[in-house]
Amino acid sequence: MTEKRICRIEDVPSNGLKECEVDNGAPVLVINSGEEYFACNAICPHQEVPLCEGMFDGKVLTCHMHLWQWDVRTGAPIGLAEAPLEMFEVSVDDGWLCIRASNALRVASLFEGIAQETLEKINAIAEERQCSEGEVLYTVGDPAEELFILESGRVEFLVGRDGKVTSGGFMVRKGEVFGWAPLMENQKQRVAQATCKEAVTLLSLNGAKVREILEEDPRSGMKVMMRLSSLLTKYMIAAGTS
Ligand code: FES
């Protein structure tokens with residue numbers, strides 16, 4: 001992802017917060033802490049609450065809704081918080097604050113720890129895609145050919161059951177992989193629905209090609225398959241299907 005200017009330095013209050021928009025419409029929260037600036041996804045990782053309405057003491061950001069807290073230098077959760085903030089790299093260019101999101105593939109837990117060469121091969125087949133708010137990426141019964149990694153924005157995941165879709169109880173967040181059916185044997189159709197809850201950037205990977213790459217490196221392939229089984233278990237529990 002390329003670097004994007006988001007606001008002038010002087011527009012951010014001292015030891016304060018400013019919500020900005022990047023050009024795909026996604027809200028970004030810019031934070032000043034003394035001499036330093038940070039930026040994160042402007043929406044709470046818990047629920048759809050704007051973090052600019054939260055409390056900030058110069059170091060710790062607190063969401064006013066359920067009091068989740070984060071260290072703004074790293075996005076690490078503190079106390080009650082169960083998920084980190086999605087942070088962006090910040091730089092200054094001629095008085096402008098700019099952000100750069102790290103490549104989602106490199107932070108995707110599904111591929112964590114696999115051989116660098118294998119990760120590069122997967123990266124080479126990844127295609128970036130921009131989607132609009134409300135866009136349905138796939139629904140139950142669609143052919144399952146691609147898997148996705150979320151780069152920015154939020155995607156809601158609904159589980160198909162008895163001919164209907166019901167909330168799986170979770171949002172997909174940056175670096176999370178979804179639509180993994182093409183990695184599984186004989187899973188040719190979608191059994192869930194994924195919908196963009198805001199403007200979204202994602203990486204799309206052809207499942208058959210990912211399988212080919214992993215078959216060439218069985219050690220990495222085994223790691224990915226073990227993580228995939230853990231992910232499936234987590235989602236089955238969240239959806240109440242286990
Ligand atoms: S919505 Fe932010 S902590 Fe619950």
Side-chain angles (χ1 to χ4, degrees), residues 6-7 11-22 24-34 36-90 97 99 101-102 104 107-109 131-137 148-159 165-178 192-202 231 234-240:
I6 42 173
C7 68
D11 293 340
V12 187
S14 176
N15 287 308
L17 312 169
K18 177 174 174 58
E19 185 176 305
C20 305
E21 248 185 32
V22 283
N24 64 356
V28 171
L29 187 69
V30 181
I31 304 162
N32 169 255
S33 173
E36 295 180 283
Y37 291 87
F38 303 96
C40 64
N41 188 320
I43 303 297
C44 180
H46 185 205
Q47 290 175 4
E48 279 188 67
V49 171
L51 287 169
C52 63
E53 294 173 7
M55 289 80 77
F56 180 53
D57 68 2
K59 290 201 167 21
V60 173
L61 174 62
T62 305
C63 176
H64 68 289
M65 193 58 77
H66 307 103
L67 305 182
W68 282 20
Q69 293 183 303
W70 302 270
D71 180 335
V72 297
R73 291 166 306 171
T74 61
I78 299 172
L80 300 174
E82 293 174 12
L85 292 176
E86 178 192 343
M87 302 297 292
F88 305 105
E89 278 177 40
V90 176
L97 287 167
I99 59 162
S102 53
V107 297
S109 58
C131 308
S132 337
E133 180 179 349
E135 186 171 335
V136 176
L137 296 169
F148 304 100
I149 306 174
L150 191 62
E151 180 90 56
S152 67
R154 289 170 310 136
V155 171
E156 184 179 38
F157 199 73
L158 301 168
V159 178
V165 287
T166 53
S167 174
F170 45 85
M171 291 274 181
V172 183
R173 298 188 184 280
K174 182 186 173 91
E176 284 192 69
V177 179
F178 62 102
Q193 177 174 304
T195 308
C196 301
K197 296 301 283 182
E198 58 193 29
V200 155
T201 302
L202 48 81
L231 258 178
K234 178 181 129 186
Y235 288 141
M236 283 169 72
I237 290 169

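As the structure lists them, so they are numbered: ligands from 1, and atoms in each ligand from 1. Because the structure is predicted, anything quoted here is derived from the model rather than measured. We use all heavy atoms of the structure for the numbers below, so side chains are in, but hydrogens, waters and symmetry mates are not.
For Cys44, the nearest N, O or S atom to atom 2 (Fe) of ligand 1 falls under 2.8 Å. His46 lies close to atom 4 (Fe) of ligand 1, since one of its N, O or S atoms is found at a distance under 2.8 Å.
A donor-acceptor pair is defined here as one N or O able to donate and one able to accept, closer than 3.5 Å; such a pair exists between the side chain of Asn32 and the backbone of Glu36. At distances below 3.5 Å, not a single donor-acceptor pair connects side-chain atoms of Ser132 with backbone N or O atoms of Ala199.
Counting only heavy atoms from C-beta outward, the side chains of Leu85 and Leu29 never approach each other to under 4.5 Å. Side-chain contact check for Phe178 versus Glu176: every heavy-atom pair is 4.5 Å or farther apart.
Contact annotation: for Gln47 versus ligand 1, heavy atoms closer than 4.0 Å belong to both the backbone and the side chain.
Residues passing the ring-ring contact (aromatic ring centres under 6.0 Å, His included) test with Trp68 are His46, sequence neighbours excluded.
Nearest to atom 2 (Fe) of ligand 1 by heavy-atom distance, out of Cys63, Pro50, Ala81, is Cys63.
Taking every heavy atom of Val49 and a limit of under 4.0 angstrom, the matching atoms of ligand 1 come to 1 (S).
Atom 4 (Fe) of ligand 1 lies closest to atom ND1 when only the N/O/S atoms of His66 are considered.
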